[in-house]
Amino acid sequence: ESDDDSYEVLDLTEYARRHHWWNRVFGHSSGPMVEKYSVATQIVMGGVTGWCAGFLFQKVGKLAATAVGGGFLLLQIASHSGYVQIDWKRVEKDVNKAKRQIKKRANKAAPEINNIIEEATEFVKQNIVISSGFVGGFLLGLAS
């Protein structure tokens with residue numbers, strides 16, 4: 001396997017030209033939510049979407065934890081029963097290789113991540129009411 005993976009670049013500008021609704025919702029003329037809806041509507045919209053996201057996050061998280069834990073348990077049982085022998089030197093070598101690749105890719109992605117964080121911060125500042133509704137709904141969804 002090669003260290004460099006090739007990725008397909010998706011040009012959203014052409015898609016936005018063909019679909020006018022996309023440009024109205026996400027384009028530069030969309031503006032902050034504050035200009036479009038009342039405070040109550042923003043809180044309800046943020047709360048409902050946050051609750052849905054939190055609820056799904058909770059369910060998927062439990063499912064993922066169960067799958068990983070169950071897989072680890074089965075692997076341990078198979079190892080202790082003699083069905084599986086683990087080459088720990090190879091595991092260590094592969095883990096070190098993966099750590100080097102992750103570190104290399106993380107250094108390349110740092111400017112992109114900073115850009116995404118800045119955009120998200122700006123969105124939250126412009127839409128503080130809907131964002132706070134989303135956070136509250138998300139926490140309620142996690143607790144459900």
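Closest non-hydrogen pair, Ser144 versus Phe55, comes out as CB-CD1, 3.9 Å. Contact record, Phe134 with Ala53: CZ-CB, 3.9 Å, taken as the closest heavy-atom pair.
For the atom pair Asp94 CG and Lys89 NZ, the distance stands at 13.5 Å (nearest 0.5 Å). Distance check: Glu122 CD to Asn127 CG gives 9.5 Å after rounding to the nearest 0.5 Å. In this structure, CD1 on Ile43 lies 11.5 Å from OG on Ser131, to the nearest 0.5 angstrom. A distance of 11.5 Å separates OG1 of Thr121 from CD of Gln126, quoted to the nearest 0.5 Å. Atom CD1 in Ile130 sits 6.5 Å away from atom CZ in Phe123 (nearest 0.5 Å). One distance of note links CG of Leu56 with CD of Gln58; it measures 9.5 Å at 0.5 Å rounding.
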Practice task
Mind running side chain to side chain contact (heavy atoms under 4.5 Å, CB included) on Asn96 and Lys99 for me, showing each step along the way?
Solution key: CA-CA 5 Å; Asn96 288 334; Lys99 282 174 24 179; 4.0 Å; yes
Exercise for the section: Please test Gln101 against Lys97 for side chain to side chain contact (heavy atoms under 4.5 Å, CB included), starting from the C-alpha separation and ending with a verdict. Expected result: CA-CA 6 Å; Gln101 288 177 347; Lys97 181 180 176 184; 3.6 Å; yes
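A continuous path of ILVMFWY side-chain contacts below 4.5 Å connects Val39 to Val124, so both sit in one hydrophobic cluster. No single ILVMFWY cluster, assembled from side-chain heavy atoms under 4.5 Å apart, contains both Val135 and Ile117. Residues Val84 and Val95 share a single hydrophobic cluster, defined by chaining ILVMFWY side chains whose heavy atoms lie under 4.5 Å apart.
In this structure, the ring of Phe57 has its center less than 6.0 angstrom from the ring center of Phe138.
Side-chain N or O atoms of Ser81 include none that pairs as donor or acceptor with a backbone N or O of Ala78 at under 3.5 Å.
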Using distance only, find each side-chain donor-acceptor pair of residues 62-75 under 3.5 Å and give its atom names and separation, not counting sequence neighbours.
residue : atom : partner : partner atom : Å
Thr66   : OG1  : Lys62   : O            : 2.8

